[in-house]
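Worksheet for the structure shown next.
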Amino acid sequence: MPIVILLVGMIYTGSKALQYLSIPVYTIFKNLTIILIAYGEVLWFGGKVTPMTLSSFLLMVFSSIIAYWGDNAEVKTSDDQFTMYLGYFWMIINCFSSASFVLIMRKRIKLTNFKDFDTVFYNNLLSVPILLILTFGFEDWSAANLERNFPPESRTAVIVAMVLSGASTIAISYCSAWCVRVTSSTTYSMVGALNKLPIALSGLIFFEAAVNFWSVSSIFVGFVAGLVYSVAKQKQAKEAQVLPTSK
């Protein structure tokens, strides 16, 4: 149940952050979760942070700083600035809840020896009552609000999009459980960071996000950070495979 609560918190805070931040900025700052997970693995699972791995983390932080400058350059009024900082507030909570979710889930998988479908099934099943309580307790389910959110002219398209999104979520949950089980929490998080870079680019192209030197540079630096991390993990794996020779 603590894992499920963190899962719901991760989804909710991620949605709130997206409400106030552009997709590229959200994506770059989401990558800071990797650092929290890496050092959590050091504490809980005896992981190791090599100098090259640390360099990739520093590049990730640098890309987030660049993204902030690009985002801040678009601020026109005090209301825009308040919205930006509100988005960062939700983003910070999302990073901590995401890191806690991944680390505790891996610990629980090791203790229970769950298979991948077991993890997906229980995570999603236990989240249903929490989501029902929260949605009926805090959201507006009036007929007028439903009519506004599901207008007749686009109702079918919206419902189809929601169904496809739900199906994708099941696939993501299964792949996430599989990746965390067979690799490490940090590797899972870094792979997630790399596949978010195309999303950041799509935000610049399709969602009218701010396109400036800083926003484009932050995506490039984030990509370089992912490559440095990949090289660091390969070197670490080769060093672990080297066997001592007898005289």
Side-chain angles (χ1 to χ4, degrees), residues 1-33 36-37 40 64 68 71 75 77-105 107-108 119-177 180 189 192 196 199-200 203 207-209:
M1 186 56 73
I3 298 173
V4 174
I5 292 173
L6 287 170
L7 172 62
V8 173
M10 179 181 70
I11 295 170
Y12 179 78
T13 55
S15 300
K16 291 297 289 185
L18 271 176
Q19 183 179 341
Y20 300 107
L21 298 176
S22 67
I23 290 179
V25 173
Y26 169 84
T27 301
I28 296 301
F29 273 87
K30 179 76 172 176
N31 294 343
L32 294 178
T33 308
L36 299 175
I37 292 174
S64 300
Y68 165 76
D71 202 30
V75 170
T77 65
S78 57
D79 289 338
D80 292 339
Q81 192 170 41
F82 175 77
T83 298
M84 183 182 69
Y85 285 125
L86 191 60
Y88 290 153
F89 167 76
W90 287 112
M91 193 72 254
I92 290 171
I93 298 178
N94 179 259
C95 287
F96 279 98
S97 60
S98 299
S100 301
F101 167 73
V102 173
L103 289 168
I104 297 176
M105 183 173 70
K107 194 175 185 68
R108 181 51 53 185
T119 305
V120 174
F121 176 76
Y122 286 112
N123 276 351
N124 288 278
L125 179 67
L126 291 173
S127 67
V128 171
I130 299 174
L131 291 170
L132 287 176
I133 292 171
L134 292 175
T135 188
F136 286 115
F138 296 97
E139 299 295 336
D140 183 5
W141 282 87
S142 64
N145 192 49
L146 289 174
E147 185 73 19
R148 183 168 60 252
N149 286 279
F150 296 92
E153 62 273 10
S154 61
R155 185 170 298 166
T156 302
V158 171
I159 293 174
V160 169
M162 292 173 67
V163 171
L164 291 176
S165 176
S168 300
T169 303
I170 295 174
I172 291 170
S173 298
Y174 177 79
C175 295
S176 298
V180 169
S189 191
K196 287 183 181 69
I199 299 175
F207 295 99
E208 299 180 355

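Not measured: the values here are computed from a predicted model.
- In terms of modelled atom types and a separation under 3.5 Å, the side chain of Ser165 and the main chain of Met162 share no donor-acceptor contact.
- The backbone N or O of Ser97 sits nowhere less than 3.5 Å from a side-chain atom of Ser100 that would complete a donor-acceptor pair.
- Separation of atoms CZ (Arg155) and CG (Leu146) is listed at 8.5 Å; rounding is to 0.5 Å.
- Note that CD1 of Ile93 and OG of Ser98 are 11.5 Å apart. Values are rounded to the nearest 0.5 Å.
- At a threshold of 4.5 Å between non-hydrogen side-chain atoms, the residues Glu147 and Pro152 count as touching.
- Considering CZ of Phe101 and OG1 of Thr33, their distance stands at 12.5 Å, rounded to 0.5 Å.
- Atoms OG and CG, from Ser127 and Leu6 in turn, are 12.5 Å apart once rounded to the nearest 0.5 Å.
- Residues Leu126 and Met1 come closest through the heavy atom pair CD2-CE, 4.1 Å.
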Practice prompt. Run the numbers on Tyr88 and Tyr20 for side-chain contact (heavy atoms from CB on, under 4.5 Å), then give the verdict.
Written response: CA-CA 8 Å; Tyr88 290 153; Tyr20 300 107; over 6 Å; no
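- In terms of modelled atom types and a separation under 3.5 Å, the side chain of Asp140 and the main chain of Asn145 share no donor-acceptor contact.
- For the atom pair Thr13 OG1 and Phe89 CZ, the distance stands at 10.0 Å (nearest 0.5 Å).
- Trp141 and Thr135 share a side-chain donor-acceptor pair at under 3.5 Å.
- Atoms CG and CD1, on Leu164 and Ile159 in that order, are 12.0 Å from each other to the nearest 0.5 Å.
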Practice prompt. May I have the step-by-step check of side-chain contact (heavy atoms from CB on, under 4.5 Å) for Ile5 and Ile130, ending in yes or no?
Written response: CA-CA 8 Å; Ile5 292 173; Ile130 299 174; 3.9 Å; yes
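- For Ala17 against Gly87, the heavy-atom pair with the smallest separation is CB-O, 4.0 Å.
- Considering every non-hydrogen atom in both Ile3 and Ile104, the closest pair reads CG1-CG2, 3.5 Å.
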